[in-house]
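This report refers to the structure that appears directly beneath it.
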Amino acid sequence: MPDPKYIPPRDGQCLIEKLIPDDILSYIFRLGAEAQVHDDEWFIEEDDGDEAFEDVDTEEEPEAVEDEDEAQGNLFQEYDATDPNENNSIWTLPFQVRVARVCRRWRQTSLNLPLLWTCITFYEQPPFEDSRLWIERSKDCPLDLTINIPAYPKTEDDSDAVDEYSPDPRKEGLQRLRQILDVASPHVGRWKTFDLSVTTWEQMNCALTRLESIGKAPMLQQLSLYCDEDTGYERFFPQGFKAPKVIFDGNLPKLEHLGLWSVHFDWNILIPRPVPSPSNETLMGQEITTTNLTEIELAFHALDVRPTFQQFSDIVQRSPRLQALKLTCSGPWFPPEHTSRDKIVLPALDTLVLGNQDEPYAIKLIKAFYMPKLTSLSLDLADSSFSNFARCLVAPIEAPSSITPVVEAVENLSLNAAEPEAGNAKPPSLLTNLTFLKLSGFMCEDACARLIYENATRVSRLCLNMKFLPDPFLLLLISNRANSWQDMTPEMLLNISNDARASPLLLPDLQFLTIGGVDGDALVALVAARKAARIPLKELNVGHLSNVKPEDREYIRQNVDDTQYVFLSDDEILADEEDEDDEDDEEDGEEAVDGGDEPNEAAT
């Protein structure tokens with residue numbers, strides 16, 4: 001019997017398609033739409049370019065296309081590379097639109113699934129008819145809105161000058177934002193995600209002003225506001241936009257994820273308001289209220305617009321289920337009278353990310369937070385020495401002298417710190433319970449690397465960017481006796497296996513390593529040492545710019561279960577470009593990539 005997929009349809013219907021029940025077909029469509037959300041190559045593109053079928057709500061059967069090549073070509077539309085408002089790339093139609101064009105049954109099935117049409121990106125040109133149509137098809141389902149106002153390209157002379165007769169790109173971006181908000185604002189009651197990225201603070205101020213008058217957002221779970229404009233470090237500018245705004249009437253009852261880059265508003269709206277209650281769980285006669293926040297990311301805030309220590313403490317301590325806190329050149333403003341005794345209790349926090357902080361401020365943060373459940377730590381700090389900060393990380397955890405009623409009222413949350421391992425009398429430190437450690441930038445004394453590794457004994461996942469780290473962070477993974485590359489004599493390298501057996505290596509639980517800024521010789525020594533010590537690496541992700549010779553690549557492939565050559569970050573690429581021998585490094589890196597696996601994004 002021939003394969004069914006090669007049997008031509010009878011009576012205009014395919015046998016396989018006919019056998020698929022409607023509920024299964026709907027489930028398949030939902031899976032396709034969910035997968036599309038995580039693929040940056042999908043965009044909402046105008047879908048009226050197909051001469052065979054326009055994507056409008058109609059009961060008419062779509063006409064058949066005689067030329068199969070023409071039908072395939074209509075599914076993909078190429079943007080005009082000469083148009084300054086368009087990217088030089090192939091844009092494909094969204095999954096939802098493609099399945100709606102297959103046949104009448106698929107179209108009706110997709111149109112009867114409002115969940116397929118809830119991700120609105122406003123990528124098309126005004127008046128945003130496609131986005132309006134998607135919002136209409138979503139019916140009453142919660143909406144995920146993504147708005148991106150990109151930086152427009154400069155003129156040919158690479159200056160900011162705008163031609164006298166051409167429209168001002170900044171005004172065009174501002175006008176586009178206003179038109180998008182006009183479309184989205186009437187549906188604020190259905191917003192589930194609001195993700196806004198703009199180029200200037202004039203645009204962000206326009207958005208905040210609209211959000212100030214838009215009313216409540218009772219279903220909003222994720223709020224992300226990003227602005228690319230530098231607003232200063234000590235004092236915020238432009239001063240005309242400094243005054244904080246009360247957005248969404250200060251009512252965000254379901255907010256779970258908050259991300260703010262160079263954007264501030266009235267921080268008090270994140271503090272739940274106490275209400276009278278006869279409940280026993282009261283604070284000064286008021287009901288203890290908490291937020292649903294599980295993740296907070298604050299980045300690049302000038303000192304004079306940051307939340308005060310008290311505001312920040314109230315926000316996070318009234319978010320007892322907060323799991324991730326990310327602070328990049330931002331955080332609470334510490335008053336002069338602040339002491340290390342003032343503790344912020346974070347009972348559920350398991351992920352902490354610190355970036356672009358100076359050492360005194362970073363030490364204040366670590367001493368102010370009580371994080372007994374911390375398992376993931378990421379550091380990308382300034383270029384200065386952080387040796388005192390490293391010693392602070394390995395110091396015993398100081399428990400708070402008292403617990404606030406807000407924390408006490410939350411059930412099923414333990415405040416006990418990690419217990420030391422059996423046979424280890426050392427009191428637990430901030431690093432004791434870590435299983436994930438990422439060091440993208442952390443300059444310190446060489447001895448501090450050993451201190452950190454000796455205290456982070458449970459780490460199984462490690463990410464290192466050696467361009468911005470002292471050598472011992474790599475050397476101590478190879479030999480417990482090496483503190484510098486001078487210690488790695490040819491004899492030691494030849495006897496790396498015996499040395500690993502004689503002196504136990506640090507980080508015995510390490511299984512997954514992502515590393516950049518190293519050469520093939522160091523990677524081979526690392527793999528050999530961990531294997532000889534019977535604690536081999538299971539997964540190794542190497543920065544694609546690392547100089548790895550073909551024979552080194554082959555050795556690593558044979559001795560590590562999973563090896564990938566990945567793009568780590570812009571910082572690694574920038575560092576390689578600034579090297580004196582950057583051309584040679586790039587050529588070697590490209591040869592290495594071409595000789596093996598394709599580079600992938602590191603999932604760190």
Side-chain angles (χ1 to χ4, degrees), residues 233-234 258-261 264 267 270 293 295-319 322-401 404 407 415 417 428-434 436-444 448 451-452 455-456:
Y233 178 72
E234 292 187 356
L258 174 67
L260 302 175
W261 278 57
H264 66 278
W267 302 107
L270 300 175
L293 282 169
E295 179 178 353
I296 297 177
E297 180 179 11
L298 304 179
F300 303 106
H301 289 103
L303 295 178
D304 58 347
V305 296
R306 295 184 183 185
T308 66
F309 179 82
Q310 188 59 52
Q311 286 177 319
F312 187 86
S313 177
D314 289 341
I315 293 170
V316 297
Q317 291 200 116
R318 287 179 179 265
S319 305
L322 184 67
Q323 298 176 356
L325 180 60
K326 305 175 182 180
L327 302 176
T328 301
C329 198
S330 184
W333 178 81
F334 290 94
E337 65 275 10
H338 175 80
T339 67
S340 59
R341 298 177 182 177
D342 302 325
K343 289 288 185 181
I344 297 178
V345 179
L346 303 170
L349 193 77
D350 58 31
T351 300
L352 177 65
V353 178
L354 298 181
N356 289 76
Q357 311 283 7
D358 57 41
E359 187 180 49
Y361 186 82
I363 291 176
K364 285 184 178 180
L365 286 177
I366 292 299
K367 290 186 176 181
F369 296 158
Y370 181 64
M371 304 169 286
K373 302 302 180 184
L374 191 69
T375 60
S376 174
L377 177 63
S378 299
L379 301 176
D380 186 3
L381 303 173
D383 297 333
S384 58
S385 175
F386 278 75
S387 299
N388 291 330
F389 176 75
R391 297 184 184 97
C392 182
L393 291 177
V394 302
I397 294 178
E398 297 181 10
S401 57
T404 65
V407 176
L415 293 179
S429 69
L430 186 67
L431 307 179
T432 300
N433 211 32
L434 290 187
F436 175 86
L437 178 61
K438 181 178 180 180
L439 302 177
S440 302
F442 188 26
M443 302 308 297
C444 57
C448 293
L451 278 177
I452 290 176
N455 282 268

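- Contact record, Leu303 with Trp333: O-CD1, 4.1 Å, taken as the closest heavy-atom pair.
- In terms of modelled atom types and a separation under 3.5 Å, the side chain of Lys343 and the main chain of Lys367 share a donor-acceptor contact.
- Shown here for Pro332 and Tyr361, the closest heavy-atom pair between the two residues is O-OH, 2.6 Å.
- A side chain to side chain donor-acceptor pair (under 3.5 Å) check over residues 347-357, counting only residues at least two apart or in different chains, returns nothing.
- Judged purely by atom type and a 3.5 angstrom limit, Arg306 uses its side chain to pair as donor or acceptor with the backbone of His301.
- In this pair, Phe389 and Phe442 present their aromatic rings perpendicular. The plane angle is above 60°, beyond the 30 to 60° band.
- Of all heavy-atom pairs spanning Leu430 and Ile397, the tightest one is N-CG1, 3.8 Å.
- For the residue pair Pro372 and Leu346, the shortest heavy atom distance occurs at CD-O, 3.8 Å.
- Without hydrogens or angle criteria, Thr432 side chain to Ser429 main chain gives a donor-acceptor distance under 3.5 Å.
- No side-chain donor-acceptor contact under 3.5 Å links Trp261 to the backbone of Glu297.
- Atom CG of residue Leu322 and atom CD1 of residue Ile315 lie 10.5 Å apart, to the nearest 0.5 angstrom.
- With rounding to the nearest 0.5 Å, the separation of CG in Leu354 from OG in Ser330 is 11.0 Å.
- The closest donor-acceptor contact from the side chain of Glu359 to the backbone of Asn388 lies under 3.5 Å.
- Interatomic distance, CG of Asn433 versus CG of Asn455, reported as 13.0 Å (0.5 Å rounding).
- Taken from CG in Leu393 to CZ in Phe386, the straight-line distance is 10.5 Å, to the nearest 0.5 Å.
- Here the CG atom belonging to Leu377 is positioned 7.5 Å from the CG atom belonging to Leu439, to the nearest 0.5 angstrom.
- Put simply, NZ on Lys373 and CD on Gln323 are 13.0 Å apart, with the number rounded to the nearest 0.5 Å.
- In terms of heavy-atom proximity, Leu431 sits nearest to Val394 at CD1-CG1, 3.8 Å.
- Using cut-offs of 30° and 60° for the angle between ring planes, the Phe309 and Phe334 rings count as tilted.
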